[in-house]
Structure formats: C-alpha cells, structure tokens
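Accompanying notes for the structure given below.
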Amino acid sequence: MRKDLRENRLDFFKKRCRENGLKITPQRISIYQELAKCKQHPSTESVFRLTREKFPHISKDTVNRTLLAFSEIGLVDVVEAREGPRRYDPDLTPHHHFHCVSCNEIIDFQGKKYGEIAILEQIRKKYTVFSKRVVLTGLCEKCSKSPKAPK
Ligand SMILES: [Zn+2]
Ligand SMILES: [Zn+2]
C-alpha cells in the first residue's frame, strides 16, 4: 500500500474513533493496521495472530471485542461467511465477493454491471437498502484444479 494511502487510512481510523468516543490506543491502531493490510477477509483468529507479533500479551477476546467495536462504528464490514467464524472486510468501497466452497477463501472482484442491478420494487417497498453486493459461490482457481474438489 502506498504511504500516503496508509496515512489516510489511519486518519480515517482516528476520525471514526473520535467521532464515536472510542479511545485510540496503540493496540487498537495495530489491530486496525493489520486488518487494513489483509486482503483475505480475515477472521478474528487471523487478526489475533498478526497483532500478537507486536503485542505478545494481547488476548483473543480483546481482539474479538475490538473488531466488533470497529464494525459498530463502520470501520470495517462484517462479511457473510458461508460457514465458520465471522470474517471482516476492511475495504469499504463497493465490490463483490466470490466465496470458494472448498477452501473458504473470499475473493474480491469488481463488477460495474452488478452494481447497476435495480432493486426490485417488492424490496424497495419494504426495506431501506444501504448497499448492494453480489456474492458468487463456487470453486476458486486453485480448488478447481485440486482432485479433492467436491462434485
Ligand atoms: Zn478454494
Ligand atoms: Zn471484500
């Protein structure tokens, strides 16, 4: 990531925390930075492992609570994981997801056409829609080639 981008992200982080009364601590900064670097929609466990390198005494519970607090103030999205633990997405710009049913990887992709899909009237009548995301499931490149891919 470019340095100026990284700084912008940190500014965004600090601003959100201040606006929402969340204290900015070195641990929280570190958790956010690890999260922001992650392209794989990490689980609490992955963020915990990465953060522990800098803060060996941090607990998984602290990381878990911090991530939930971040999602509450809109710093990170919670991703609809097919199974297993909750996953987080630090990329708040519009994009779509491909879920691999075999390795559980969640891969980002851009698709302007998908973003243009109209919201059906029966939905609009009932709900207030904030965002649109297309989620495709299947096998990723790696798993398509693997012999243990499910039929
Ligand atoms: Zn896969
Ligand atoms: Zn994503």
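Atoms within a ligand are numbered from 1 in the order they appear, just like the ligands themselves. In what follows, residues are counted from 1 in the order of the sequence shown.
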Quiz item: With the Zn ion (ligand 1) at the apex, how many degrees lie between SG of C100 and SG of C140, rounded to 10 degrees?
Solution: 110°
Exercise. May I ask you to decide if the ring planes of H96 and F109 are parallel, tilted or perpendicular, using 30° and 60° as cut-offs?
Key: tilted
Quiz item: Hey, is there an N, O or S on D77 sitting under 2.8 Å from the Zn ion (ligand 2)?
Solution: no
Quiz item: How far apart are the closest heavy atoms of R16 and G74, and which atoms are they?
Solution: NH1-O, 2.8 Å
Quiz item: For D89, what is the atom name of its N, O or S atom nearest to the Zn ion (ligand 2)?
Solution: OD2
Self-check item: Note, E72 side chain near N20 side chain (heavy atom, < 4.5 Å)
Solution: no
Exercise. Could you tell me whether any N, O or S atom belonging to D108 is less than 2.8 Å from the Zn ion (ligand 2)?
Key: yes
Quiz item: Between V76 and I29, is there a shared hydrophobic cluster once you connect ILVMFWY residues whose side-chain heavy atoms come closer than 4.5 Å?
Solution: yes
Practice problem: Ignoring hydrogens and angles, state whether a donor on the side chain of D91 or H41 is under 3.5 Å from an acceptor on the partner side chain. | Solution: no
Quiz item: Is it true that some N/O/S atom of H95, main chain or side chain, lies under 2.8 Å from the Zn ion (ligand 2)?
Solution: yes
Quiz item: Can you give the angle H97 NE2 - the Zn ion (ligand 2) - H41 NE2, rounded to 10°?
Solution: 90°
